[in-house]
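Let me begin by presenting the structure, written as C-alpha coordinates, before commenting on it.
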Amino acid sequence: MRGPVKQKALILDQDGIRRSLTRIAHEIIEYNKGVNNLVLIGIRNRGVPLAKQLAQRIMQIEGKEVPVGILDITLYRDDLSTLSPHPLVRKTEVHFPIEGKAIILVDDVMYTGRTIRAALDALMDLGRPKSIQLAVLVDRGHRELPIRADYVGKNVPTSKKEGVAVLLQEIDGEEKVVIIELEEK
Amino acid sequence: MAVIKKDLLGLEGVGQDELTEILDLAVSMKEVMGRQIKKVPALRGKTVVNMFYEPSTRTRVSFELAAKYLSADTVNIAASTSSAVKGESMRDTATTLEALGADLVVLRHPMAGAPHLLAKVGNFGVLNAGDGFHGHPTQGLLDMFTIREKKGYLKGLEVAIVGDLLHSRVARSNIWGLITMGASVRVCAPPTMLPIGLERTGVKVFNNMDVAVEGADIVMMLRMQLERQQQGLFPSIREYNRLFGLNKERLALAAKDAMVMHPGPMNRGVEISPDVADGVQSVINDQVTNGVAVRMAVLYLLAGGGSSEVDN
(Lines give C-alpha, C1' and ligand atoms only; values in the text may rest on other atoms or scores of the structure.)
Protein backbone atom coordinates (compact mmCIF):
# COMPACT_ATOMS: atom_id res chain seq x y z
CA MET A 1 0.00 0.00 0.00
CA ARG A 2 1.15 3.49 -0.73
CA GLY A 3 1.03 6.02 2.06
CA PRO A 4 -1.18 9.11 1.84
CA VAL A 5 -0.18 11.12 -1.23
CA LYS A 6 -0.84 14.69 -2.20
CA GLN A 7 -2.73 14.44 -5.42
CA LYS A 8 -2.10 17.08 -8.09
CA ALA A 9 -4.08 15.77 -11.01
CA LEU A 10 -6.15 12.74 -11.90
CA ILE A 11 -4.81 11.07 -15.05
CA LEU A 12 -7.01 8.01 -15.28
CA ASP A 13 -9.97 6.92 -13.21
CA GLN A 14 -11.25 3.38 -12.88
CA ASP A 15 -13.07 3.53 -16.22
CA GLY A 16 -10.07 5.10 -17.89
CA ILE A 17 -7.82 2.28 -16.75
CA ARG A 18 -10.35 -0.29 -17.88
CA ARG A 19 -10.62 1.27 -21.35
CA SER A 20 -6.85 1.54 -21.71
CA LEU A 21 -6.34 -2.10 -20.82
CA THR A 22 -9.09 -3.21 -23.18
CA ARG A 23 -7.48 -1.28 -26.03
CA ILE A 24 -4.02 -2.67 -25.21
CA ALA A 25 -5.45 -6.20 -25.14
CA HIS A 26 -6.89 -5.66 -28.63
CA GLU A 27 -3.62 -4.22 -29.89
CA ILE A 28 -1.64 -7.16 -28.51
CA ILE A 29 -3.92 -9.65 -30.22
CA GLU A 30 -3.86 -7.71 -33.49
CA TYR A 31 -0.13 -7.22 -33.58
CA ASN A 32 0.63 -10.83 -32.73
CA LYS A 33 -2.09 -12.19 -35.02
CA GLY A 34 -3.68 -14.16 -32.23
CA VAL A 35 -2.39 -15.31 -28.87
CA ASN A 36 -1.07 -18.80 -29.59
CA ASN A 37 2.55 -18.27 -28.68
CA LEU A 38 1.95 -15.49 -26.18
CA VAL A 39 2.82 -15.21 -22.49
CA LEU A 40 2.30 -12.26 -20.14
CA ILE A 41 4.86 -11.39 -17.49
CA GLY A 42 4.14 -8.69 -14.93
CA ILE A 43 6.90 -6.81 -13.15
CA ARG A 44 6.44 -6.62 -9.39
CA ASN A 45 4.57 -5.00 -7.86
CA ARG A 46 1.95 -3.24 -9.92
CA GLY A 47 2.75 -4.88 -13.23
CA VAL A 48 1.37 -8.12 -11.82
CA PRO A 49 -2.32 -7.19 -11.40
CA LEU A 50 -2.13 -5.37 -14.73
CA ALA A 51 -0.83 -8.50 -16.47
CA LYS A 52 -3.61 -10.54 -14.88
CA GLN A 53 -6.22 -8.04 -16.07
CA LEU A 54 -4.80 -8.11 -19.59
CA ALA A 55 -4.99 -11.91 -19.56
CA GLN A 56 -8.65 -11.63 -18.55
CA ARG A 57 -9.38 -9.20 -21.39
CA ILE A 58 -7.63 -11.47 -23.89
CA MET A 59 -9.67 -14.40 -22.58
CA GLN A 60 -12.86 -12.41 -23.14
CA ILE A 61 -11.87 -11.40 -26.65
CA GLU A 62 -10.17 -14.51 -28.00
CA GLY A 63 -11.47 -17.20 -25.64
CA LYS A 64 -7.95 -18.43 -25.01
CA GLU A 65 -5.98 -18.52 -21.82
CA VAL A 66 -2.59 -16.80 -21.81
CA PRO A 67 -0.16 -17.83 -19.05
CA VAL A 68 0.81 -15.07 -16.59
CA GLY A 69 4.16 -14.94 -14.82
CA ILE A 70 5.63 -12.70 -12.14
CA LEU A 71 9.05 -11.12 -12.38
CA ASP A 72 10.97 -9.63 -9.46
CA ILE A 73 13.81 -7.54 -10.77
CA THR A 74 15.37 -6.43 -7.49
CA LEU A 75 18.47 -8.58 -7.88
CA TYR A 76 19.04 -7.06 -11.34
CA ARG A 77 18.85 -3.39 -10.38
CA ASP A 78 21.79 -1.24 -11.47
CA ASP A 79 21.59 0.93 -8.37
CA LEU A 80 21.91 -1.78 -5.70
CA SER A 81 25.36 -0.60 -4.70
CA THR A 82 24.02 2.90 -4.04
CA LEU A 83 20.88 1.78 -2.22
CA SER A 84 21.22 1.15 1.44
CA PRO A 85 19.43 -0.63 2.91
CA HIS A 86 18.84 -3.04 0.05
CA PRO A 87 15.27 -3.36 -1.19
CA LEU A 88 13.23 -6.43 -0.41
CA VAL A 89 13.57 -9.32 -2.84
CA ARG A 90 10.49 -11.32 -3.62
CA LYS A 91 10.08 -14.45 -5.65
CA THR A 92 10.03 -14.59 -9.40
CA GLU A 93 7.23 -16.94 -10.40
CA VAL A 94 7.42 -17.96 -14.01
CA HIS A 95 6.13 -21.52 -13.98
CA PHE A 96 6.27 -22.09 -17.74
CA PRO A 97 9.14 -22.24 -20.23
CA ILE A 98 9.67 -18.94 -22.05
CA GLU A 99 11.83 -20.59 -24.71
CA GLY A 100 10.57 -19.48 -28.13
CA LYS A 101 7.62 -17.54 -26.68
CA ALA A 102 6.50 -14.03 -27.51
CA ILE A 103 6.59 -12.29 -24.14
CA ILE A 104 4.48 -9.29 -23.27
CA LEU A 105 6.27 -7.60 -20.39
CA VAL A 106 3.84 -5.53 -18.31
CA ASP A 107 4.59 -2.67 -15.93
CA ASP A 108 2.62 0.22 -14.50
CA VAL A 109 4.81 3.26 -15.16
CA MET A 110 7.57 3.72 -17.72
CA TYR A 111 10.08 6.33 -16.59
CA THR A 112 13.86 6.13 -16.94
CA GLY A 113 13.76 2.73 -18.59
CA ARG A 114 16.10 1.21 -16.01
CA THR A 115 13.48 -1.12 -14.58
CA ILE A 116 12.82 -2.48 -18.05
CA ARG A 117 16.56 -2.88 -18.68
CA ALA A 118 16.77 -4.95 -15.49
CA ALA A 119 13.68 -6.93 -16.48
CA LEU A 120 15.19 -7.77 -19.87
CA ASP A 121 18.30 -9.13 -18.18
CA ALA A 122 16.19 -11.12 -15.76
CA LEU A 123 14.13 -12.61 -18.60
CA MET A 124 17.19 -13.59 -20.62
CA ASP A 125 18.43 -15.57 -17.61
CA LEU A 126 15.19 -17.55 -17.66
CA GLY A 127 15.51 -18.66 -21.27
CA ARG A 128 15.54 -17.47 -24.86
CA PRO A 129 12.20 -16.02 -25.85
CA LYS A 130 11.35 -15.40 -29.49
CA SER A 131 10.53 -11.78 -28.78
CA ILE A 132 9.77 -9.41 -25.95
CA GLN A 133 7.21 -6.61 -26.23
CA LEU A 134 6.50 -4.02 -23.59
CA ALA A 135 3.12 -2.84 -22.34
CA VAL A 136 2.81 -0.03 -19.79
CA LEU A 137 -0.18 1.74 -18.36
CA VAL A 138 1.54 5.14 -18.21
CA ASP A 139 4.56 6.49 -20.03
CA ARG A 140 5.79 9.57 -18.23
CA GLY A 141 8.88 10.29 -20.33
CA HIS A 142 12.40 11.16 -19.08
CA ARG A 143 14.02 8.09 -20.59
CA GLU A 144 17.66 7.52 -19.71
CA LEU A 145 18.08 4.45 -21.91
CA PRO A 146 17.14 3.66 -25.52
CA ILE A 147 14.02 1.72 -24.57
CA ARG A 148 10.43 2.28 -25.71
CA ALA A 149 7.07 0.69 -25.02
CA ASP A 150 5.07 -1.18 -27.68
CA TYR A 151 1.74 -0.62 -25.97
CA VAL A 152 0.99 2.46 -23.89
CA GLY A 153 -2.18 3.19 -21.93
CA LYS A 154 -1.55 6.89 -21.69
CA ASN A 155 1.34 9.22 -22.41
CA VAL A 156 1.70 11.74 -19.62
CA PRO A 157 4.24 14.54 -19.84
CA THR A 158 5.57 15.08 -16.32
CA SER A 159 8.18 17.03 -14.49
CA LYS A 160 10.88 15.12 -12.63
CA LYS A 161 9.71 16.87 -9.50
CA GLU A 162 6.38 15.10 -9.83
CA GLY A 163 5.56 11.48 -9.24
CA VAL A 164 3.08 9.22 -10.95
CA ALA A 165 1.13 6.96 -8.62
CA VAL A 166 -0.76 4.01 -10.01
CA LEU A 167 -3.26 2.61 -7.56
CA LEU A 168 -4.76 -0.78 -8.28
CA GLN A 169 -7.61 -2.64 -6.62
CA GLU A 170 -5.56 -5.74 -5.81
CA ILE A 171 -2.84 -3.81 -3.99
CA ASP A 172 -4.26 -0.44 -3.00
CA GLY A 173 -7.99 -1.09 -2.72
CA GLU A 174 -8.85 1.53 -5.35
CA GLU A 175 -8.14 2.02 -9.00
CA LYS A 176 -6.73 5.27 -10.47
CA VAL A 177 -3.65 6.98 -11.81
CA VAL A 178 -2.66 10.35 -10.34
CA ILE A 179 0.15 12.84 -10.52
CA ILE A 180 1.52 13.58 -7.08
CA GLU A 181 3.81 16.14 -5.57
CA LEU A 182 7.12 14.56 -4.52
CA GLU A 183 8.26 15.51 -1.07
CA GLU A 184 11.49 17.44 -0.92
CA LYS A 185 14.18 15.20 0.48
CA MET B 1 14.96 -3.94 15.08
CA ALA B 2 17.81 -4.67 12.70
CA VAL B 3 20.45 -6.18 14.96
CA ILE B 4 22.05 -7.48 11.78
CA LYS B 5 23.42 -4.53 9.85
CA LYS B 6 27.06 -4.71 8.98
CA ASP B 7 27.78 -8.13 10.43
CA LEU B 8 26.17 -11.43 11.29
CA LEU B 9 27.96 -12.58 14.42
CA GLY B 10 25.33 -14.67 16.19
CA LEU B 11 21.61 -15.30 16.48
CA GLU B 12 21.33 -14.27 20.13
CA GLY B 13 19.32 -11.10 20.44
CA VAL B 14 18.06 -11.24 16.85
CA GLY B 15 14.31 -10.74 16.93
CA GLN B 16 11.49 -12.68 15.32
CA ASP B 17 10.86 -10.05 12.63
CA GLU B 18 14.44 -10.03 11.53
CA LEU B 19 14.75 -13.82 11.46
CA THR B 20 11.53 -14.02 9.46
CA GLU B 21 12.84 -11.43 7.02
CA ILE B 22 15.99 -13.49 6.39
CA LEU B 23 14.02 -16.71 5.98
CA ASP B 24 11.60 -15.02 3.54
CA LEU B 25 14.49 -13.61 1.57
CA ALA B 26 16.03 -17.08 1.41
CA VAL B 27 12.82 -18.35 -0.24
CA SER B 28 13.42 -15.87 -3.09
CA MET B 29 17.05 -16.93 -3.26
CA LYS B 30 16.11 -20.59 -3.47
CA GLU B 31 14.01 -19.74 -6.52
CA VAL B 32 17.15 -18.34 -8.15
CA MET B 33 18.98 -21.59 -7.37
CA GLY B 34 16.26 -23.54 -9.14
CA ARG B 35 16.84 -21.75 -12.43
CA GLN B 36 18.82 -23.08 -15.32
CA ILE B 37 21.10 -20.06 -15.08
CA LYS B 38 21.80 -19.83 -11.38
CA LYS B 39 23.19 -16.32 -11.31
CA VAL B 40 21.91 -12.85 -10.60
CA PRO B 41 23.98 -9.66 -10.75
CA ALA B 42 23.01 -8.31 -7.32
CA LEU B 43 26.49 -8.31 -5.75
CA ARG B 44 28.49 -7.59 -8.88
CA GLY B 45 31.70 -5.81 -7.99
CA LYS B 46 31.67 -6.91 -4.34
CA THR B 47 34.48 -9.02 -2.95
CA VAL B 48 33.77 -11.79 -0.48
CA VAL B 49 36.71 -13.31 1.37
CA ASN B 50 36.26 -16.76 2.88
CA MET B 51 38.70 -17.13 5.73
CA PHE B 52 38.70 -20.55 7.35
CA TYR B 53 40.95 -21.29 10.29
CA GLU B 54 39.31 -24.68 10.73
CA PRO B 55 38.59 -27.45 8.26
CA SER B 56 35.24 -27.24 6.48
CA THR B 57 33.78 -28.51 3.27
CA ARG B 58 30.10 -27.75 3.16
CA THR B 59 30.11 -24.38 4.89
CA ARG B 60 33.00 -23.03 2.84
CA VAL B 61 31.68 -24.33 -0.48
CA SER B 62 28.20 -23.20 0.45
CA PHE B 63 29.36 -19.64 1.15
CA GLU B 64 31.45 -19.61 -1.99
CA LEU B 65 28.58 -20.78 -4.19
CA ALA B 66 26.19 -18.34 -2.53
CA ALA B 67 28.55 -15.45 -3.26
CA LYS B 68 29.07 -16.65 -6.84
CA TYR B 69 25.35 -17.04 -7.53
CA LEU B 70 25.04 -13.37 -6.54
CA SER B 71 27.94 -12.45 -8.88
CA ALA B 72 30.35 -11.42 -6.12
CA ASP B 73 34.04 -12.19 -6.51
CA THR B 74 35.32 -14.69 -3.99
CA VAL B 75 38.70 -15.41 -2.51
CA ASN B 76 39.39 -18.37 -0.25
CA ILE B 77 41.99 -18.29 2.46
CA ALA B 78 42.75 -21.46 4.39
CA ALA B 79 44.55 -20.94 7.68
CA SER B 80 47.23 -23.46 6.78
CA THR B 81 48.25 -21.39 3.76
CA SER B 82 47.72 -17.93 5.24
CA SER B 83 49.96 -15.54 7.10
CA ALA B 84 48.30 -16.70 10.32
CA VAL B 85 50.84 -19.52 10.42
CA LYS B 86 53.52 -16.84 10.38
CA GLY B 87 51.94 -15.35 13.47
CA GLU B 88 49.98 -12.43 12.00
CA SER B 89 47.52 -11.00 14.50
CA MET B 90 43.82 -10.72 13.78
CA ARG B 91 44.12 -6.94 13.80
CA ASP B 92 46.82 -6.94 11.14
CA THR B 93 44.92 -9.49 9.10
CA ALA B 94 41.93 -7.14 9.19
CA THR B 95 44.02 -4.20 8.01
CA THR B 96 45.39 -6.32 5.18
CA LEU B 97 41.94 -7.48 4.08
CA GLU B 98 40.76 -3.89 4.18
CA ALA B 99 43.65 -2.78 2.02
CA LEU B 100 42.87 -5.55 -0.45
CA GLY B 101 39.34 -4.19 -0.78
CA ALA B 102 37.27 -6.92 0.90
CA ASP B 103 33.60 -5.98 1.28
CA LEU B 104 32.55 -9.02 3.28
CA VAL B 105 34.63 -11.50 5.22
CA VAL B 106 33.33 -14.95 6.10
CA LEU B 107 35.26 -16.18 9.10
CA ARG B 108 35.52 -19.57 10.72
CA HIS B 109 37.77 -19.63 13.72
CA PRO B 110 38.49 -22.02 16.62
CA MET B 111 38.19 -19.17 19.15
CA ALA B 112 34.76 -17.99 20.25
CA GLY B 113 34.47 -14.26 19.65
CA ALA B 114 37.05 -14.07 16.85
CA PRO B 115 34.46 -12.73 14.35
CA HIS B 116 33.44 -10.07 16.87
CA LEU B 117 37.02 -8.88 17.13
CA LEU B 118 37.44 -8.87 13.36
CA ALA B 119 34.20 -6.91 12.96
CA LYS B 120 35.42 -4.33 15.43
CA VAL B 121 38.74 -3.68 13.74
CA GLY B 122 37.73 -4.00 10.08
CA ASN B 123 35.45 -1.73 8.05
CA PHE B 124 34.06 -4.69 6.07
CA GLY B 125 31.08 -6.82 7.00
CA VAL B 126 31.81 -10.00 8.92
CA LEU B 127 29.87 -13.25 8.73
CA ASN B 128 30.45 -15.77 11.46
CA ALA B 129 30.84 -19.19 9.86
CA GLY B 130 31.42 -20.88 13.21
CA ASP B 131 33.52 -19.61 16.10
CA GLY B 132 34.72 -22.04 18.75
CA PHE B 133 31.86 -23.33 20.87
CA HIS B 134 29.94 -20.06 20.50
CA GLY B 135 27.76 -20.06 17.43
CA HIS B 136 27.22 -20.92 13.78
CA PRO B 137 24.42 -18.53 12.84
CA THR B 138 23.98 -19.50 9.19
CA GLN B 139 23.64 -23.15 10.21
CA GLY B 140 20.93 -22.18 12.68
CA LEU B 141 19.19 -20.17 9.96
CA LEU B 142 19.36 -22.95 7.38
CA ASP B 143 17.98 -25.45 9.90
CA MET B 144 15.09 -23.11 10.67
CA PHE B 145 14.57 -22.53 6.96
CA THR B 146 14.44 -26.28 6.32
CA ILE B 147 11.95 -26.86 9.13
CA ARG B 148 9.76 -23.96 8.02
CA GLU B 149 9.89 -25.10 4.40
CA LYS B 150 8.67 -28.60 5.28
CA LYS B 151 6.31 -27.81 8.14
CA GLY B 152 5.17 -24.38 7.05
CA TYR B 153 5.81 -22.79 10.44
CA LEU B 154 8.11 -22.90 13.46
CA LYS B 155 5.92 -21.75 16.31
CA GLY B 156 4.88 -24.50 18.68
CA LEU B 157 6.96 -27.27 17.10
CA GLU B 158 8.74 -29.71 19.40
CA VAL B 159 12.40 -29.87 18.44
CA ALA B 160 14.69 -32.42 20.10
CA ILE B 161 18.41 -31.71 19.80
CA VAL B 162 20.52 -34.71 20.75
CA GLY B 163 24.27 -35.07 21.12
CA ASP B 164 27.34 -33.24 22.26
CA LEU B 165 25.80 -29.96 23.32
CA LEU B 166 28.88 -28.89 25.21
CA HIS B 167 30.99 -28.50 22.07
CA SER B 168 28.20 -27.67 19.64
CA ARG B 169 27.98 -24.18 18.19
CA VAL B 170 25.32 -25.53 15.82
CA ALA B 171 23.10 -26.40 18.78
CA ARG B 172 23.60 -23.01 20.37
CA SER B 173 22.59 -21.08 17.25
CA ASN B 174 19.60 -23.34 16.77
CA ILE B 175 18.49 -22.91 20.37
CA TRP B 176 18.67 -19.11 20.17
CA GLY B 177 16.84 -18.97 16.86
CA LEU B 178 14.20 -21.62 17.52
CA ILE B 179 13.26 -20.26 20.95
CA THR B 180 12.92 -16.76 19.47
CA MET B 181 10.65 -18.14 16.75
CA GLY B 182 8.43 -19.77 19.35
CA ALA B 183 9.45 -23.39 18.93
CA SER B 184 9.84 -25.60 21.96
CA VAL B 185 13.33 -27.06 22.28
CA ARG B 186 14.36 -30.22 24.13
CA VAL B 187 18.00 -31.12 24.49
CA CYS B 188 19.45 -34.49 25.35
CA ALA B 189 23.04 -35.50 26.04
CA PRO B 190 25.16 -37.41 28.52
CA PRO B 191 25.58 -35.20 31.62
CA THR B 192 29.25 -34.72 30.74
CA MET B 193 28.28 -33.08 27.46
CA LEU B 194 25.70 -30.66 28.79
CA PRO B 195 26.90 -27.12 29.42
CA ILE B 196 25.95 -25.85 32.87
CA GLY B 197 23.03 -23.43 32.85
CA LEU B 198 21.72 -24.46 29.46
CA GLU B 199 18.16 -24.59 30.81
CA ARG B 200 18.31 -20.83 31.30
CA THR B 201 17.96 -20.42 27.52
CA GLY B 202 14.46 -21.87 27.85
CA VAL B 203 15.17 -25.44 26.71
CA LYS B 204 14.03 -28.61 28.47
CA VAL B 205 16.92 -30.87 29.42
CA PHE B 206 16.75 -34.66 29.18
CA ASN B 207 19.24 -37.41 29.90
CA ASN B 208 17.16 -40.23 28.48
CA MET B 209 16.90 -40.09 24.71
CA ASP B 210 13.73 -42.19 24.50
CA VAL B 211 11.92 -39.60 26.61
CA ALA B 212 13.49 -36.69 24.72
CA VAL B 213 12.35 -37.78 21.27
CA GLU B 214 8.87 -38.92 22.30
CA GLY B 215 6.36 -37.06 20.15
CA ALA B 216 9.02 -34.68 18.77
CA ASP B 217 8.33 -33.04 15.41
CA ILE B 218 12.01 -32.68 14.64
CA VAL B 219 14.93 -34.80 15.78
CA MET B 220 18.15 -32.92 15.25
CA MET B 221 21.26 -35.01 15.77
CA LEU B 222 24.60 -33.38 16.50
CA ARG B 223 27.90 -34.66 15.26
CA MET B 224 29.93 -36.56 17.83
CA GLN B 225 33.08 -34.50 17.66
CA LEU B 226 35.45 -37.42 17.87
CA GLU B 227 38.45 -35.09 17.51
CA ARG B 228 37.48 -33.49 20.83
CA GLN B 229 36.86 -36.77 22.66
CA GLN B 230 40.26 -37.39 24.19
CA GLN B 231 39.01 -36.40 27.63
CA GLY B 232 36.82 -39.42 28.26
CA LEU B 233 33.43 -37.70 28.35
CA PHE B 234 31.81 -41.06 27.67
CA PRO B 235 33.11 -44.61 28.10
CA SER B 236 32.96 -45.90 24.53
CA ILE B 237 31.55 -45.07 21.14
CA ARG B 238 29.50 -48.24 21.32
CA GLU B 239 27.90 -47.21 24.55
CA TYR B 240 27.25 -43.72 23.22
CA ASN B 241 25.59 -45.17 20.16
CA ARG B 242 23.40 -47.43 22.31
CA LEU B 243 22.24 -44.60 24.58
CA PHE B 244 22.27 -41.53 22.34
CA GLY B 245 22.27 -42.80 18.75
CA LEU B 246 19.25 -42.35 16.51
CA ASN B 247 17.99 -45.58 15.01
CA LYS B 248 14.70 -46.73 13.53
CA GLU B 249 13.28 -47.88 16.85
CA ARG B 250 13.97 -44.56 18.56
CA LEU B 251 12.68 -42.55 15.62
CA ALA B 252 9.41 -44.49 15.89
CA LEU B 253 8.90 -42.82 19.29
CA ALA B 254 8.84 -39.37 17.68
CA ALA B 255 5.84 -37.89 15.89
CA LYS B 256 4.77 -39.89 12.85
CA ASP B 257 5.91 -37.24 10.37
CA ALA B 258 9.01 -36.25 12.34
CA MET B 259 11.94 -34.86 10.39
CA VAL B 260 15.49 -36.08 10.95
CA MET B 261 18.21 -33.46 10.71
CA HIS B 262 21.97 -33.48 11.01
CA PRO B 263 24.38 -30.60 10.34
CA GLY B 264 26.99 -32.96 8.92
CA PRO B 265 29.50 -34.40 8.55
CA MET B 266 27.86 -37.52 9.95
CA ASN B 267 29.48 -40.33 11.87
CA ARG B 268 27.31 -43.12 10.57
CA GLY B 269 26.81 -45.77 13.19
CA VAL B 270 27.76 -43.40 16.01
CA GLU B 271 25.10 -40.71 16.47
CA ILE B 272 22.90 -41.83 13.59
CA SER B 273 22.30 -45.18 11.93
CA PRO B 274 22.66 -45.30 8.13
CA ASP B 275 19.07 -46.42 7.48
CA VAL B 276 17.75 -43.37 9.34
CA ALA B 277 20.26 -40.98 7.74
CA ASP B 278 19.16 -42.12 4.28
CA GLY B 279 15.53 -42.75 5.22
CA VAL B 280 12.41 -40.98 3.99
CA GLN B 281 12.21 -38.82 7.11
CA SER B 282 15.72 -37.48 6.66
CA VAL B 283 16.07 -33.93 5.33
CA ILE B 284 19.85 -33.89 5.62
CA ASN B 285 20.40 -33.23 1.93
CA ASP B 286 17.78 -30.48 1.90
CA GLN B 287 19.74 -28.83 4.69
CA VAL B 288 22.80 -28.65 2.47
CA THR B 289 20.88 -27.16 -0.47
CA ASN B 290 19.06 -24.70 1.75
CA GLY B 291 22.37 -23.62 3.25
CA VAL B 292 23.28 -21.94 -0.02
CA ALA B 293 19.94 -20.09 -0.24
CA VAL B 294 20.19 -18.84 3.34
CA ARG B 295 23.76 -17.68 2.82
CA MET B 296 22.74 -15.83 -0.35
CA ALA B 297 20.09 -14.04 1.70
CA VAL B 298 22.56 -13.09 4.41
CA LEU B 299 25.22 -11.94 1.95
CA TYR B 300 22.63 -9.81 0.15
CA LEU B 301 21.42 -8.26 3.37
CA LEU B 302 24.89 -7.51 4.71
CA ALA B 303 26.08 -6.07 1.41
CA GLY B 304 23.23 -3.57 1.63
CA GLY B 305 22.82 -3.46 5.39
CA GLY B 306 19.21 -4.51 5.90
CA SER B 307 16.25 -4.23 3.61
CA SER B 308 13.52 -1.82 2.72
CA GLU B 309 10.58 -1.57 0.42
CA VAL B 310 11.23 0.43 -2.73
CA ASP B 311 8.76 1.19 -5.48
CA ASN B 312 9.45 1.12 -9.22
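Just so we're clear, the structure is a prediction, and the values are computed from it rather than from any experiment.
For CZ of A/R128, the number of neighbouring non-hydrogen atoms (other residues, nucleotides, ligands) closer than 6.0 Å is 12 at most. The neighbour count for A/R117 CZ, taken as heavy atoms of other residues, nucleotides or ligands under 6.0 Å away, is above 12. No more than 12 heavy-atom neighbours from other residues, nucleotides or ligands sit within 6.0 angstrom of CG on B/N285. Residue A/E65 qualifies as open at atom CD: its count of foreign heavy atoms under 6.0 Å is 12 or below. Counted within 6.0 Å of CZ on A/R23, heavy atoms from surrounding residues, nucleotides or ligands total more than 12; the atom is thus considered enclosed. Surrounding CD of A/E174 are more than 12 heavy atoms belonging to other residues, nucleotides or ligands, all under 6.0 Å away. Applying the 6.0 Å contact sphere to OH of B/Y153 captures no more than 12 heavy atoms from other residues, nucleotides or ligands.
Atom-to-atom distance recorded for B/D24:CG and A/K91:NZ is 11.0 Å, nearest 0.5 angstrom. The CD atom of A/E99 sits 7.5 Å away from the CD atom of B/Q36 when rounded to the nearest 0.5 Å. Summarising the geometry, atom CZ belonging to A/R90 is positioned 8.5 Å from atom OG belonging to B/S28; distances are rounded to the nearest 0.5 Å.
Using a 4.5 Å heavy-atom cutoff, the side chains of B/E31 and A/D72 are not in contact. In this structure, B/K39 and A/D125 have side chains that are not in contact, with every pair of non-hydrogen atoms separated by 4.5 Å or more. Residues A/T74 and B/Y300 have side chains in contact (heavy-atom distance under 4.5 Å, counting atoms from C-beta outward). Inter-residue side-chain proximity for B/R35 and A/T92 is flagged as met; some heavy-atom pair is nearer than 4.5 Å.
Residues of residues 58-67 of chain B lying within less than 4.5 angstrom of chain A, judged on heavy atoms, are absent.
Chain A forms more heavy-atom pairs under 4.5 Å with one residue of B/V32, B/V27, B/V40, B/L43 than with any other, namely B/V40. When A/L126, A/L80, A/V89, A/D78 are compared by the number of non-hydrogen pairs under 4.5 Å with chain B, A/V89 comes out ahead.
Contact of B/K30 with chain A is not made at all, since no heavy-atom distance falls under 4.5 Å.
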